[in-house]
> 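Below are the structure tokens for one structure; questions will follow.
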Number of protein chains: 2
Amino acid sequence: MADHVSGKRLQRAELARHTGCNLETIRYYEKTGMMPDPPRTASGYRVYDDAHISRLRFILRARELGFSIEQIRGLLELVDGGTQTCAEVKERTEQHLADVRAKIDDLKRIEKVLATTAAQCSGEDIPECPVLEALAS
Amino acid sequence: MADHVSGKRLQRAELARHTGCNLETIRYYEKTGMMPDPPRTASGYRVYDDAHISRLRFILRARELGFSIEQIRGLLELVDGGTQTCAEVKERTEQHLADVRAKIDDLKRIEKVLATTAAQCSGEDIPECPVLEALAS
DNA sequence: CTACGGTCTGTAGTAACTACAGACTCAAGG
DNA sequence: CCTTGAGTCTGTAGTTACTACAGACCGTAG
């Protein structure tokens, strides 16, 4: 059989450590509804499981990728499913998709410029730096 | 000859309109040193040129891509050149490059999931949604 | 020359966290 | 059993990165 590991229960500091999240941010995300209110022990301590870890990691990474709280809320609603029709989901998914692809394109341009810069910059003074020109157009 | 267009002088509201930036954010970026203090008219009005537009666009897009103010400051220092040695520039560029590539990878994973979701979601109820699983690992 | 729109500064408000204060819980040690 | 220290609880206050507003000044069209 599989091991018993997926039943692990964590408390808040452990969840923070597993995800790299600030301790207080977890509470903030619960207060604002991004994270579900976790079950509590008899004495009121929050208990988390693997699903909480996944969801929190997703939120944190999405934030690092420049999605706003509202956008992430939208993505999570897709995940959470529920009240929306399939047509709505499809439309919103494609909206997000366009957004993501635009980000990828921009990042690729930045990547190219940085790679070029790094290559050019092999011992000499930096040349007329083309970073701004490449990115700001 | 080339045209005379590159000598255009803008004031703050025009710069905001050209870049989609909030009017006040421009002043904020000047106060915090991301944007240079622009020249002023005799009566104290700020005047901007094309270089300001480029730099501001870069900052705005970098923010949308999830770079922190400090990271952008780092990127701009590469552009601004000045006091640093070529070795420093190279190292920092490669650091940024790794960061950018990680973002691209993550966004591509999100893209894939969203595309799959959009494809699956063509008239039926949403299946067990794999978004979290794909992203949170 | 005045109306009205744009700009100036400083300051106050908002979003998304982040830190702190004081009370409670709980496992370990004596 | 009792203490002690580390972890948790709540509410609230502080920080960062903007965003909006107030009151005074500028500038140009009628």
Side-chain angles (χ1 to χ4, degrees), chain A residues 8-49 52-53 55-77 99 103 136, chain B residues 8-49 52-53 55-77 99 103 136:
Chain A
K8 247 190 301 183
R9 309 284 143 173
L10 316 174
Q11 48 187 59
R12 195 152 55 106
E14 292 168 323
L15 177 59
R17 213 166 36 246
H18 273 69
T19 55
C21 184
N22 179 290
L23 187 64
E24 301 294 324
T25 304
I26 296 169
R27 198 156 60 99
Y28 173 75
Y29 285 153
E30 287 164 11
K31 194 169 59 184
T32 56
M34 317 263 306
M35 290 287 289
D37 284 346
R40 305 282 184 124
T41 66
S43 54
Y45 282 26
R46 292 162 177 85
V47 291
Y48 300 98
D49 60 22
H52 291 101
I53 298 181
R55 193 182 180 96
L56 183 53
R57 282 206 181 120
F58 174 76
I59 294 170
L60 294 171
R61 191 60 184 146
R63 287 295 288 139
E64 285 176 14
L65 294 171
F67 293 97
S68 73
I69 295 292
E70 274 320 300
Q71 286 173 316
I72 295 172
R73 220 185 279 278
L75 287 165
L76 288 173
E77 273 171 29
D99 191 20
K103 279 177 193 278
Chain B
K8 248 188 303 182
R9 311 283 142 172
L10 316 174
Q11 47 186 54
R12 194 149 57 107
E14 293 168 324
L15 177 58
R17 214 168 35 249
H18 274 70
T19 55
C21 185
N22 180 289
L23 187 63
E24 302 295 324
T25 304
I26 296 169
R27 198 157 60 99
Y28 173 74
Y29 284 153
E30 288 164 10
K31 196 169 58 184
T32 55
M34 318 262 306
M35 291 288 289
D37 283 347
R40 305 281 184 123
T41 66
S43 54
Y45 282 26
R46 291 162 176 84
V47 291
Y48 301 98
D49 60 21
H52 292 100
I53 298 180
R55 193 183 178 96
L56 183 53
R57 283 208 180 117
F58 174 76
I59 294 169
L60 294 170
R61 192 60 183 145
R63 288 294 289 141
E64 285 176 14
L65 293 171
F67 293 97
S68 73
I69 295 291
E70 275 319 301
Q71 286 173 316
I72 295 172
R73 220 183 278 278
L75 287 164
L76 288 173
E77 274 172 30
D99 190 22
K103 278 177 195 279

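Residue numbers start from 1 in every chain, and the chains themselves are labelled A, B, ... in the order their sequence lines are given, proteins ahead of strands.
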> May I ask you to test the B/Arg46-B/Arg40 pair for a side-chain heavy-atom distance under 4.5 Å?
yes
> Provide, to the nearest angstrom, the distance between the CZ atom belonging to B/Arg40 and the P atom belonging to D/dG27.
13 Å
> Got a salt bridge between A/Arg27 and A/Glu30, using NZ or NE/NH1/NH2 to carboxylate O under 4.0 Å?
no
> Between atom CG in A/Leu10 and atom C1' in D/dG7, what is the gap in whole Å?
14 Å
> Using only side-chain N and O atoms of B/Ser43, determine if any of them is under 4.0 Å from OP1 or OP2 of D/dG27.
yes
> Send over the distance from A/Asn22 CG to D/dG14 P, rounded to a whole Å.
18 Å
> Checking the side chain of B/His52 only, and the main-chain atoms of B/Asp49 only, is there a donor and an acceptor separated by less than 3.5 Å?
yes
> Hey, where on DNA chain C does chain B first and last touch, going 5' to 3'? Cut-off is any atom under 4.0 Å from a heavy atom.
C/dG6 to C/dT11
> For A/Lys31 and A/Val47, find the nucleotide of DNA chain D closest to each by heavy atoms; which residue's nucleotide sits nearer the 5' end?
A/Val47
> Measuring only between side-chain heavy atoms, which start at C-beta, is A/Leu56 closer than 4.5 Å to A/His18?
no
> Round to a whole Å and report the spacing from CG of A/Leu15 to C1' of D/dT8.
14 Å
> Using modelled atom types and a 3.5 Å cut-off, is there a donor and acceptor pairing between side-chain atoms of B/Arg12 and backbone atoms of B/Tyr45?
no
> Given that B/Glu14 and A/Ser68 both sit by DNA chain C, which one's nearest nucleotide is further toward the 5' end?
B/Glu14
> Strictly below 4.0 Å: does B/Tyr28 bring a side-chain N or O up to OP1 or OP2 of D/dT19?
no
> On the nucleotide D/dC18, are OP1 or OP2 found under 4.0 Å from the side-chain N or O atoms that B/Arg63 carries?
yes
> Once rounded to the nearest 0.5 Å, what's the spacing between atom CG of A/Leu10 and atom CZ of A/Arg17?
9.0 Å
> Distance from A/Met35 atom CE to A/Leu15 atom CG, nearest 0.5 Å?
6.0 Å
> Using whole Å, what does the distance between atom C1' of nucleotide D/dT19 and atom CD1 of B/Ile69 come to?
14 Å
> Remember a base hit wins even if backbone is also touched, and classify A/Arg27 as base, sugar-phosphate or nothing at under 4.0 Å, heavy atoms.
base
> Measure the distance from OH on A/Tyr48 to P on D/dG7 and round it to the nearest whole Å.
16 Å
> Figure out the CD1/C1' separation between B/Ile72 and D/dA17, and round it to whole Å.
11 Å
